[in-house]
Amino acid sequence: MPHLFATSDLHVTHEGNAPLVDEVVPRTPDDWLLVAGDVAERAESVIEVLKTLRERFAKVVWVPGNHELWTTQKDECQLRGQARYEHLVERCREIDVLTPEDPYPVWEHQGKPLTIAPLFVLYDYSWRAPEAEGLSLQKAIDHARDAGVLCTDEFFLHPDPYPSRQAWCADRVKVSTERLEAIPEDHGTILMSHWPLHRHPTAPLYWPEFALWCGTTETEDWHLRYRAEVAVYGHLHIPRSTEADGVRFEEVSLGYPREWRKRARGPIPLRRIF
């Protein structure tokens with residue numbers, strides 16, 4: 001029986017993480033792998049890692065995280081926003097890695113067919129700490145900064161050609177909704193995204209204000225509306241299994257070395273979903 005595995009937030013440019021890619025290996029030749037974003041910041045590093053993983057697994061499905069969408073001075077690829085995303089999609093197609101722009105694959109090894117839906121929906125700052133409810137976006141960001149947290153996306157994740165990250169998110173929600181609606185009704189789904197689709201996984205955040213950069217209220221019922229058997233995500237660096245409305249949510253992130261070194265179980269670069 002083939003296995004479905006998942007990983008995210010490998011952050012291979014952080015010292016100590018790159019060797020752990022060697023542990024992302026299948027158990028059978030027919031195993032599939034879901035990669036839920038944040039492989040690296042440099043475009044070439046992202047493709048190199050995905051190519052290596054594709055050589056090991058029968059199928060690899062990738063969604064971008066915020067770090068893949070960053071445009072930094074050290075990256076030879078200086079494309080921004082949508083153009084950067086499209087570049088990564090084209091590079092993935094060259095190495096036979098599926099993306100949110102490709103036909104959804106179907107996992108046939110459970111009781112019913114499960115369509116794997118790789119989703120790129122970003123965030124729209126709608127997940128607010130109680131103190132920031134009703135504030136303007138700038139005041140909500142200022143509140144987060146005053147609390148001690150400001151996401152690096154504010155400097156490196158450009159929404160071009162959209163006027164804002166919220167506008168880009170709104171378009172991605174629209175595109176994703178149309179594709180999810182087209183999934184056959186007799187299929188369950190495996191929803192995979194970098195940012196969690198439901199807010200409950202953000203509850204343990206050390207800085208609750210960081211939820212601003214973690215998702216959108218537009219997706220809060222997708223696990224029910226689209227018949228999810230499981231929702232796979234990363235971003236928070238809080239790897240664990242939870243439930244919402246009877247649906248399993250799996251955070252599959254490795255995280256930074258400073259984080260996994262503190263955990264008694266150490267680094268876990270690969271999680272089995274089915």
Side-chain angles (χ1 to χ4, degrees), residues 6-22 24 33-57 59-103 118-124 150-173 175-176 192-195 213-215 233-237 252-257 269:
T7 188
S8 78
D9 298 79
L10 291 171
H11 294 292
V12 298
T13 58
H14 287 253
E15 186 175 357
N17 273 16
L20 295 173
V21 175
D22 292 338
V24 183
L33 178 67
L34 310 181
V35 183
D38 277 11
V39 174
E41 295 80 22
R42 300 188 186 98
E44 202 59 40
S45 297
V46 173
I47 299 304
E48 287 175 2
V49 171
L50 291 175
K51 183 178 180 181
T52 296
L53 296 175
R54 178 62 186 88
E55 290 168 353
R56 298 173 187 169
F57 288 84
K59 195 178 291 293
V60 174
V61 186
W62 166 85
V63 295
N66 52 316
H67 283 238
E68 278 106 341
L69 299 174
W70 286 0
T71 304
T72 64
Q73 292 182 347
K74 295 181 179 179
D75 194 349
E76 292 182 0
C77 177
Q78 287 295 298
L79 295 171
R80 293 161 55 122
Q82 178 72 14
R84 183 177 183 85
Y85 171 60
E86 290 176 353
H87 171 75
L88 289 168
V89 167
E90 289 304 315
R91 295 293 306 279
C92 282
R93 286 172 172 165
E94 292 172 2
I95 59 174
D96 193 31
V97 168
L98 295 177
T99 77
E101 306 310 309
D102 296 309
L119 304 170
F120 167 40
V121 292
L122 274 166
Y123 54 86
D124 61 5
L150 181 67
C151 186
T152 310
D153 291 1
E154 295 299 317
F155 306 100
F156 296 137
L157 202 167
H158 307 287
D160 311 23
Y162 297 91
S164 65
R165 298 180 194 89
Q166 304 99 294
W168 195 4
C169 174
D171 187 62
R172 291 306 311 180
V173 167
V175 169
S176 301
M192 64 172 290
S193 57
H194 178 66
W195 296 271
W213 295 276
C214 293
Y233 68 98
H235 189 57
L236 304 181
H237 296 192
V252 297
S253 58
L254 170 62
Y256 300 129

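When the side-chain contact (heavy atoms from CB on, under 4.5 Å) test is applied to Thr52, the partners found at least two apart in sequence or on another chain are Arg56. Contacts of Glu68 classified as side-chain hydrogen bond (donor to acceptor under 3.5 Å, both in side chains), with partners at least two apart in sequence or in another chain: Trp62. For Thr99, the side-chain hydrogen bond (donor to acceptor under 3.5 Å, both in side chains) partners two or more places apart in sequence, or in a different chain, are Asp102. Residues passing the side-chain contact (heavy atoms from CB on, under 4.5 Å) test with Ser253, sequence neighbours excluded: Ser8, Asp9, His237, Pro239, Glu251. Looking at residues two or more places apart in sequence or on another chain, you find a side-chain contact (heavy atoms from CB on, under 4.5 Å) between Ala83 and Leu79. By the salt bridge (charged side-chain N to carboxylate O under 4.0 Å, His left out) test, Asp153 is found to be paired with no residue, residues two or more places apart in sequence or in another chain being considered. Remark: Asn17 pairs with Trp260 by the side-chain hydrogen bond (donor to acceptor under 3.5 Å, both in side chains) rule, at least two apart or across chains. Among residues two or more places apart in sequence or in another chain, the side-chain hydrogen bond (donor to acceptor under 3.5 Å, both in side chains) test is passed with Asp75 by Arg84.
Annotation: ring-ring contact (aromatic ring centres under 6.0 Å, His included) contacts involving residues 73-94, sequence neighbours excluded, comprise Tyr85-Phe120. Within the structure, the salt bridge (charged side-chain N to carboxylate O under 4.0 Å, His left out) test picks out the following pairs touching residues 40-50 (sequence neighbours left out): Glu44-Arg91. Under the salt bridge (charged side-chain N to carboxylate O under 4.0 Å, His left out) criterion, the residue pairs touching residues 159-172 are Arg80-Asp160, Glu101-Arg172, Glu154-Arg165, with sequence neighbours excluded.
Between the side chain of Asp124 and the backbone N or O of Ala170 there is no donor-acceptor pair closer than 3.5 Å.
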